[in-house]
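Here's the structure, in structure tokens; my notes come after.
It should be emphasised that the depicted structure is a prediction, and the values quoted were computed from it without experimental measurement.
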Amino acid sequence: MTTGGGLFVHYKEDFADAVRRGVHVRVVLLDTGPATSGFYDAVVGIQDRQRPTEERTKAERTKAIIDELAGSKDNKGTIQLKWLDIPMVKAFWVADSSTDHGIAHVSSFSYDGPESEMC
């Protein structure tokens, strides 16, 4: 879970390759809409990021990339974008009710450096 999806954008080719091979990916971004704007702006501020408007632009760029990847006919897997529309302080667990083993731990990610130095 991130505010703009910079890490996803940085590794988009790796995600695309994984989805083509059959991996199911779900990307979670904080909702940038008006219902959660106060929380979103606060999180962006805590992470000492650019202005919230710039992070929202990054989130929309991430959405466009995910939409493009999801539409590929070469995919054996899936990729989905989920907007988290509830305030999140640190972390939570998510379960996929369609399986007995689909569970994930979601935590916020804060990277404070240039995108060129990510991981």
Could you walk me through whether Val27 and Ile66 pass the side-chain contact (heavy atoms from CB on, under 4.5 Å) check? CA-CA 9 Å; Val27 177; Ile66 290 170; 3.8 Å; yes
Donor-acceptor pair, Thr62 side chain versus Lys58 backbone, under 3.5 Å? yes
Mark yes when over 12 heavy atoms from residues, nucleotides or ligands other than Glu68 sit less than 6.0 Å from its CD; otherwise mark no. no
Can you spot which of Leu29, Leu30, Val28 makes a side-chain contact (heavy atoms from CB on, under 4.5 Å) with Trp83? Leu29
Backbone N/O of Leu69 and side chain of Asn75: donor-acceptor pair under 3.5 Å: yes
Heavy-atom closest pair (Lys76 atom, His24 atom, distance to 0.1 Å) is O-CE1, 4.5 Å
Run Val25 and Gln80 through side-chain contact (heavy atoms from CB on, under 4.5 Å) and show every step you take. CA-CA 6 Å; Val25 176; Gln80 298 176 315; over 6 Å; no
What I want to find out is whether Glu60 reaches Lys63 closely enough, with some N-O distance under 4.0 Å, to be called a salt bridge. no
Glu13 and Arg20: which non-hydrogen atoms are nearest, and at how many Å? O-NH2, 4.5 Å
So which atom in Ala59 and which in Thr32 form the shortest heavy-atom distance, rounded to 0.1 Å? CB-CG2, 3.8 Å
Quick one: are Ile65 and Val9 in side-chain contact, heavy atoms under 4.5 Å? yes
If only atom types and distance count, is the side chain of Asp31 paired as donor or acceptor with the main-chain N or O of Gly33 below 3.5 Å? yes
Salt bridge flag under 4.0 Å for residues Asp41 and Arg56: yes
